[in-house]
Structures are given as structure tokens and as C-alpha cells.
Amino acid sequence: MNKERKVIDIQQIKAQEQICARIFEQVTDGGRRPLAMVDTYGCQQNEADSEKIRGYLAEMGYGFTQDEFQADVIVINTCAVREHAEMRVLGNVGALNHSKKNKPQQIIAVCGCMVQQQHMAEKIKKSYPVVDLVFGPHELWRFPELLEQVMTRHKRVFATENSNGAVAEGIPLRRDGKVKAWLSIMYGCNNFCSYCIVPYVRGRERSRLPEDIVREARELVEQGYKDITLLGQNVNSYGKDLDCGVDFSDLIRMINDIPGDFLIRFMTSHPKDATEKLFQTMAACEKCAHHIHLPVQSGSDRILKVMNRNYDSAKYIRQAELARSYMPDLVITTDIIVGFPGETEEDFEDTIRLCEKVRFDAMFTFIYSKRVGTPAASMPDPYTREDKQKHFDRLMEVSNRISAEKHKEYEGKSFRVLVDGETGKDEYNLSSRTNGGRLVHLKGDPALVGQFVKVKITASNTWALYGEIENG
Ligand code: SAH
Ligand code: SF4
Ligand code: F3S
């Protein structure tokens, strides 16, 4: 096993749980039920982290609220991937002045990727005195200890040291839903795409042990979860740091072997590491969803090179074709960045061409956002925001049209879907997902939430399908 792989000793997690018990005594004194609010920005990885923060808070005796005026503790779990995400966080943190004025004992914590950047931690220190506690993703496992410091020392605590990160098992979890669950299989990223902040704030790739992942998956199935999403920045490199002979495809098979009726999903796959073995495994494992989120980022080979993505458009297209040859019903979704520094009209046309060729079921498109400390931040970027917006709008049109065309093909056909929630609307009161992850609105008994049902698709648009439950 890789000697660099740092593991937090389980005794250290136990010590954190003892601190939770101490805090419990203090905050529930007199039979009071204190309240916490956890607000999450960013990706599923952050959602999964917030479930750990809630797990700890629940052990401390906190109930949960969405009302900042009611909360005794507020935790804002932040994202740094684009400037827009950071602006929203800062705006919302600033607004907490009001709730704290109302409730001076309120403790406000800001954690996650944004504050792992030293300039952001500094900014909060200087300009947001309302914040009592700041901690980065690497310190999450010791959140109880940090919170206790704030409570007992009555001074601000900052824990954002730079680190490659560790793996911590045994942190209590409080999951959001009852049907779908996140399951982190690895943390961090080694790829250093030239535009991306994630490797700087999340540390190096480190995989959880297969036995820990399979145990957690088994528990989820036993608890009735029907849709398990394996999470990592690049799940295709799972296990490379472990040297234990289990790669990502093997892991899918191990989870597929767990008895029960459930779906295995995963994200995100990096095209440079997606293999034929993965596609074969997805096709062979009956519980593995036929969906792959395979971010292409650009269709221009020149731009892909400067992005440091380590594949070209031809390789990407070959992979999509190979994957579809194993799974003709495969849903392929992607991420695209528009307006990367120096992206020309011609580069952009290459992206459009690739999209028309691959025909993604859905695309997530972003305008490039400069991230301090990344190589792309110092590349010449002569094009204006207006130029980029024009490209963005055009790509959106292409994306919407293809999605609508793809959705149209579902009409009149029957599919097995997992009912995952209620919409609160009259006409279509239930939401569900196809095996490939497409959203289907339905009308039916709310008791069906958490069950697989057969539906006939009756209508569709760019964003969703509409269906009727079939009997029998
Ligand atoms: N690990 C995943 C992506 C994580 S970030 C992968 O490599 O596929 C999610 C998406 O945000 C990326 O796919 C990319 O499209 C977008 N993104 C990342 N950094 C960005 C930046 N600086 N500006 C705009 N979009 C960015
Ligand atoms: Fe960012 Fe690239 Fe890592 Fe994805 S693979 S998190 S885009 S550096
Ligand atoms: Fe954002 Fe961090 Fe995820 S930067 S996208 S929350 S890994």
C-alpha cells in the first residue's frame, strides 16, 4: 500500500464523538433542543460532506432547520469551482449579520473548498467578523473539536492548513434522503486541469478501501436505499493509490454482487481513464445504471491540450462509440467550458461539431471562470465576456435541441423507473428517474416513492419526460 496514504486513526474519530457527547451535555441542558442549519453549495462531494457535518451535529443533539433566525449553529459548506459560486456564498454569509444580531449566541461556520484557498480564508478573517469558525475539507473529520474550541474559548477559529488530505472512516452520517444515497469512494484529484481549483483545495487522490465501501453499500441496501451514487472527481482512477488489485470496474462488480434490487450510479468519469473494461462491466452488471457522465470540456484538440486533459476529440468520440456498442441505451452526459483563455471561433466550432457528433443526452455548460493560482489564470484571454456569452447561448441552443430530440425518442415506449420523490404539483405529483437517469414526471400514489415502477412515456421536452404508470 502507498506509504503516502494518510489515514485518520479510528481512535481519533472516537475522540471526536466523545467531544460530541460533551457538547450534547452542554447544549441540551434543561431539555432544550438546539437547532442547526447546514447550507451546501457545489458538487455531490460537498453534499456528501454536509451529511457528515449533519451526522456530527445530530450526535451533539442538534435538530435541523432551514431558518437562519432559528439556528443556534449555522454551517455554510462552500464551493470554489467558479467565481459565481463564491459570490453567492459571500453574499449569503454577509446577510447572516441579521440573524446574528437577533441571536448573538449564534455560531457561524464556513467550511469547504472556498475557504481552503488562503486568500479566501484571509478575506473572511478580515471582512466577515460575523464568522466564528472557518475550516477546509481536510479538517472536516475534526469539526466537533473545532466547534468546541469556539464554544469554550469564545474566539474565532481558523483551520485551513494546506494538506494532501487523508482518509477518515467512521464519521457518523445523516443522509438527506431515503431513496438515493451518495457514497464517496475516493477523495481529491491528481489531474490538475489547467483551469480547475479542485486539486488545490481537495488534495491528492486517495481511495477508500474496497471493504469499507462495500460494507457501506451493503448497509445502504439494507436500509432500503435504491439508488447509490459512487462519488469521486475521477472514479476511473479508483484504487490506483491502493495497490490492492481492485480497480473501479472490480468495485462495481463487488457492489453489484450485494443482494437486493437497487441501482449503482457513479460520477465523475475522466475520459483519459475510461476503459473498455469499464463499459463491459457496466453492460454486464445488471444493477449498474446505463449512464455515464463523461465531461469533454471542449471539442478543440488545441484547447484540450492547453486544458491538460490528456485526450483529444477523436479519442473521446471513439470512447463514446465503444461505450454505446456495449450499451445501445447508454445515456451520455457531459460538461463543457465555453470561453477558455484564447478559445477562438474555430475552437468553438470544433466543440459544436463534437456535440453534434456525440449527441449528448444532456450537457452542463459553463463560462470559463478565472481561478487564482491555476495555470489558466495567467494565460492571455483576449475575448470579451460578450463574445463568450454569445458562444454560450449558441451551445445552449444546440444542447437543448439535442436533448429534446433524444427525449422525443422515449415517447410511446415503456421504461422501468425509480420513483424518487413528490413534486408538490397536482398534475404530475411524482418524480422518477429512468435507469439512464432521465427525469420522468408521473401521476400516482405517493406511497410509490422508493419503488421501481413501469411507465409509458406520453410526452417530453428538453428537460424531462412525462409518463403514465402501467399496471402489472
Ligand atoms: N472532476 C470532474 C469535474 C469537477 S468540476 C471532471 O474532471 O470531470 C465540475 C465542472 O466544472 C467541470 O467538469 C468543468 O466543466 C467545470 N469547471 C471547473 N473549473 C471551471 C472553471 N474554472 N471555469 C468554468 N467551469 C469550470
Ligand atoms: Fe478539476 Fe480536472 Fe480534477 Fe476534474 S479532473 S476535478 S476538472 S482538475
Ligand atoms: Fe466545488 Fe469543491 Fe465540488 S470546488 S465542485 S464543492 S470539489
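Along the sequence shown, residues are numbered consecutively beginning with 1. Ligands are counted one by one from 1 in listed order, and the atoms in each one are counted from 1 as well. Computation of the quantities below employed the complete heavy-atom set of this structure, encompassing side-chain atoms and omitting hydrogens, waters and symmetry-equivalent molecules.
Each of Cys189, Asn191, Phe192, Cys193, Tyr195, Cys196, Val198, Pro199, Gln233, His270, Arg309 has a non-hydrogen atom positioned under 4.0 Å from some atom of ligand 2. Near ligand 1, Val81, Arg82, Tyr195, Gln233, Thr268, Pro295, Gln297, Arg309, Asp335, Ile337, Phe366, Ile367, Tyr368, Ser369, Arg371 each place a heavy atom less than 4.0 angstrom from the ligand.
Scanning the protein for heavy atoms near atom 3 (Fe) of ligand 3, the closest one is Cys43 SG, 2.2 Å. Of all protein heavy atoms, the one closest to atom 4 (S) of ligand 3 is Ala80 N, 3.2 Å.
Of the N and O atoms on the side chains of Asn256 and Glu286, at least one donor lies less than 3.5 Å from an acceptor on the other residue. Residues Asn400 and Thr462 have side chains that never bring a donor and an acceptor to within less than 3.5 angstrom of each other. Side-chain atoms of Gln106 and Ser99 include a donor-acceptor pair closer than 3.5 Å. Using modelled atom types, one finds no donor on one side chain facing an acceptor on the other under 3.5 Å when comparing Tyr383 with Glu343. Remark: the Ser237 side chain and the Glu205 side chain contain an N/O donor-acceptor pair separated by less than 3.5 Å.
Each of the following atoms of ligand 3 lies closer than 4.0 Å to a heavy atom of Cys79: 1 (Fe), 4 (S), 5 (S), 6 (S). The atoms of ligand 3 that sit less than 4.0 Å from any heavy atom of Gln233 are 7 (S). The atoms of ligand 3 that sit less than 4.0 Å from any heavy atom of Cys113 are 2 (Fe), 4 (S), 6 (S), 7 (S).
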For this session: Mind running side-chain hydrogen bond (donor to acceptor under 3.5 Å, both in side chains) on His293 and Asp335 for me, showing each step along the way?
Result: CA-CA 8 Å; His293 184 62; Asp335 293 345; 3.0 Å; yes
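Under the 4.5 Å side-chain criterion, counting only non-hydrogen atoms from C-beta, Ile185 is in contact with Phe248. No side-chain heavy atom of Met363 sits under 4.5 Å from any side-chain heavy atom of Thr333.
In this structure, CD1 on Ile252 lies 7.0 Å from CG on Leu230, to the nearest 0.5 angstrom.
The shortest heavy-atom distance from Arg202 to ligand 3 is under 4.0 Å.
At a threshold of 4.0 Å, the pair Asp312-Lys272 does not count as salt-bridged, since none of the basic side-chain nitrogens sits closer than that to a carboxylate oxygen.
Other residues, nucleotides and ligands place no more than 12 heavy atoms under 6.0 Å from the CD atom of Gln66. Remark: Lys277 NZ is packed, more than 12 non-hydrogen atoms of other residues, nucleotides or ligands lying under 6.0 Å away.
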